[in-house]
> 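Let me give you the structure first, and then I'll get to my questions.
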Amino acid sequence: MQSLSQGFDPVLSINSGQVFLWEKHDDSWYGIYSKHVIRLTKAGGRLEFSSFPELESCEQKMFRLDDDIGRIRTEISHDPFVYKLVKAYPGLRLIRQEPHQCLFSFVCASNTNIPMIRRMLYNLTKKFGAPVQVDGKEFFTFPSVVDINRATVDELCACGLGYRVKAIKAVAESIASGKLDFGALKNASYEDAKKELLQVYGIGNKIADCVLLFSLEKLDAFPIDVWIARALASHYKWLYKKQFGEKITSHQYELLSGSIREYFGRYAGYAQQYIYYHMRQNAGKKW
DNA sequence: GTACAGGCAGTAT
DNA sequence: ATACTGCCTGTA
């Protein structure tokens, strides 16, 4: 059992759309971090973290307390829009994810919505993960690559993955064969790591950038999904050398990505997170 | 019925 | 280089 000092809001962060397998029961939030169940409890203004089985200093890892958040915020705040967002959402943090779970999660996230993503991932854990009892409730760990490789296409389809099964299988195969090696990717540059990820069937620009940012320590990665694309079109129009449509092509992605990463610098991914959160918060609102 | 949701790959121009 | 298409599945 560990306690956390105040200053950020983990509940806000886990509900900001970076992670999917979290649920609330009574006064606690429970999340799946690979083979562990993480419990977050707000007790009398204090935050308590536990993990089952125990994962040493999981809150340090998960919430990137090793990052110099003050410096990061200062650096990305040279942009006036992000400056406002940093003030507006002081509790928001980037969450560090476990690479396998992160990659499979974002492969499932393509062309669908968050409730569906949660359902697919929950089905996967229930079918192929291992049960863990915490506080009298049953949770399921995230399946391993071996588990997913062993699964048949039909079994995966039954989880509601649809056409994503082909990509899931390709990813699992790449990891199992050693072609995709997260350890090596962590040590590689952003450009080299991204190149490797893009080799795999089913991994495109957006998914690659999500995995690089959320699980492979590439804080300069700047995933551009539909929400971010809208934000760039309305707040960063000057980045566009020419007009793009609603949907951006692979080449346009690379152009935009290059410009915005250069603009925000080594912590561009943090800037992305503030912008993304803001866009989701204000979805449907006039602003 | 049909449009749409946190993309991607394949094909044709 | 860009445009267009289909794709599982559930919900509005």
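Quantities reported herein were computed from a predicted structural model and do not represent experimental measurements. All heavy atoms count here, side chains included; hydrogens, waters and symmetry mates do not. A, B, ... follow the sequence lines: proteins, then strands. Residue 1 opens every chain.
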> Within the 4.0 Å heavy-atom criterion, would you say A/I114 contacts the bases, only the backbone, or no part of the nucleic acid?
base

> Flag the pair A/F264 / A/V82 as yes when at least one side-chain heavy-atom distance between them is below 4.5 Å, and no otherwise.
yes

> Distance alone, cut at 3.5 Å: any donor-acceptor contact between the side chains of A/Y190 and A/D209?
yes

> Kindly point out which of B/dG7, B/dG6, C/dT2 is positioned nearest to the side chain of A/H251?
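My answer, after comparing the listed nucleotides, is C/dT2.
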
> Quick check on A/Y83: does its OH atom have over 12 non-hydrogen neighbours (other residues, nucleotides or ligands) under 6.0 Å away?
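At most 12 heavy atoms, drawn from other residues, nucleotides or ligands, come within 6.0 Å of this atom.
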
> A/L197 CG to B/dC8 P: how many Å, rounded?
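Rounded to the whole Å, the gap is 11 Å.
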
> By side chain to side chain donor-acceptor pair (under 3.5 Å), which residues pair with A/N187, not counting sequence neighbours?
none

> Rounded off to whole Å, could you give me the CG-to-C1' distance for the A/L121 and C/dC8 pair?
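Between C1' of C/dC8 and CG of A/L121: 15 Å.
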
> Using Watson-Crick and G-U wobble pairs whose two distances are both under 3.5 Å, how do you write the pairing of DNA chain B as dot-bracket, with | for links to another strand?
.||||.|||||||

> With sequence neighbours left out, write down each residue that passes salt bridge (charged side-chain N to carboxylate O under 4.0 Å, His left out) with A/E75, or none if nothing qualifies.
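Counting only residues at least two positions away or on another chain, A/E75 forms a salt bridge (charged side-chain N to carboxylate O under 4.0 Å, His left out) with A/R71, A/R266.
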
> Please report, rounded to the nearest Å, how far the C1' atom of B/dA3 is from the CG atom of A/N111.
12 Å

> So A/Y267 and A/Y270, would you call those rings parallel, tilted or perpendicular, with 30° and 60° as cut-offs?
perpendicular

> Give a yes or no on this: more than 12 heavy atoms of other residues, nucleotides or ligands lie within 6.0 Å of atom CD of A/E262.
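12 or below, so no.
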
> Is it the case that A/R39 places NZ or CZ above or below the six-membered ring of A/W29, under 6.0 angstrom from the centre and within 45 degrees of the axis?
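No, A/R39 does not sit over the ring of A/W29.
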
> Strictly below 4.0 Å, heavy-atom distances to any atom of DNA chain B: list the hits from residues 89-104 of chain A, or just say none.
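Result for residues 89-104 of chain A: none.
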
> Roughly how many Å is it from OH in A/Y253 to P in B/dC8, rounded to a whole number?
8 Å

> Less than 3.5 Å apart, any donor N or O on the side chain of A/R280 or A/Y276 sitting next to an acceptor on the other?
yes

> Quick one: label A/Y276 by what it contacts on the DNA or RNA (base, sugar-phosphate, nothing), any heavy atom closer than 4.0 Å.
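Base contact - A/Y276 has a heavy atom under 4.0 Å of at least one base atom.
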
> Rounded to whole angstrom units, what separation is found between the CD1 atom of A/I203 and the P atom of B/dA9?
9 Å

> Rounding to a whole Å, what distance do you find between A/D209:CG and B/dG6:C1'?
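Distance, rounded to whole Å: 14 Å.
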
> Take atom NZ of A/K24 as the centre, draw a 6.0 Å sphere, and report whether it contains more than 12 heavy atoms from other residues, nucleotides or ligands.
yes

> Can you tabulate the close N/O pairs, meaning under 3.5 Å, that link protein atoms to atoms of nucleotides 9-12 of chain C?
from, atom 1, to, atom 2, distance (Å)
C/dG10, O3', A/R119, NH2, 3.4
C/dT11, OP1, A/R119, NH2, 3.2

> C/dA3 and B/dG6: how far apart are their P atoms, nearest whole angstrom?
23 Å

> Can you tell me how far P of C/dT2 sits from CG of A/L256, to the nearest Å?
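After rounding, the reported distance stands at 11 Å.
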
> When the ring planes of A/F8 and A/F63 are compared, do they come out parallel, tilted or perpendicular, using 30° and 60° as the limits?
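Geometry flag for A/F63 against A/F8: tilted rings.
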
> Between A/D135 and A/Y30, is any side-chain donor less than 3.5 angstrom from a side-chain acceptor?
yes

> A/R96 pairs by side-chain contact (heavy atoms from CB on, under 4.5 Å) with which of A/M62, A/Q60, A/E217?
A/E217

> Indicate whether any N or O donor in one side chain lies under 3.5 Å from an N or O acceptor in the other, for A/K169 and A/N149.
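There is no such pair (donor and acceptor under 3.5 Å, judged by atom type) between the side chains of A/K169 and A/N149.
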
> Using nucleotides 3-6 of chain C, report all nitrogen or oxygen pairs with the protein that are shorter than 3.5 Å.
none

> Could you check whether A/I228 gets within reach of a base, just the sugar-phosphate, or nothing at all, counting any heavy atom under 4.0 Å?
nothing

> What integer number of Å spans the C1' atoms of C/dC8 and B/dA3?
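The answer is 16 Å between these two C1' atoms.
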
> For the pair made of CG in A/N205 and P in B/dC8, what is the distance, rounded to whole Å?
7 Å

> Can you confirm whether the side chains of A/Y163 and A/N111 place a donor and an acceptor under 3.5 Å from each other?
yes

> Which residue lies toward the 5' end of DNA chain B, A/V200 or A/R280, if each is placed at its nearest nucleotide?
A/R280

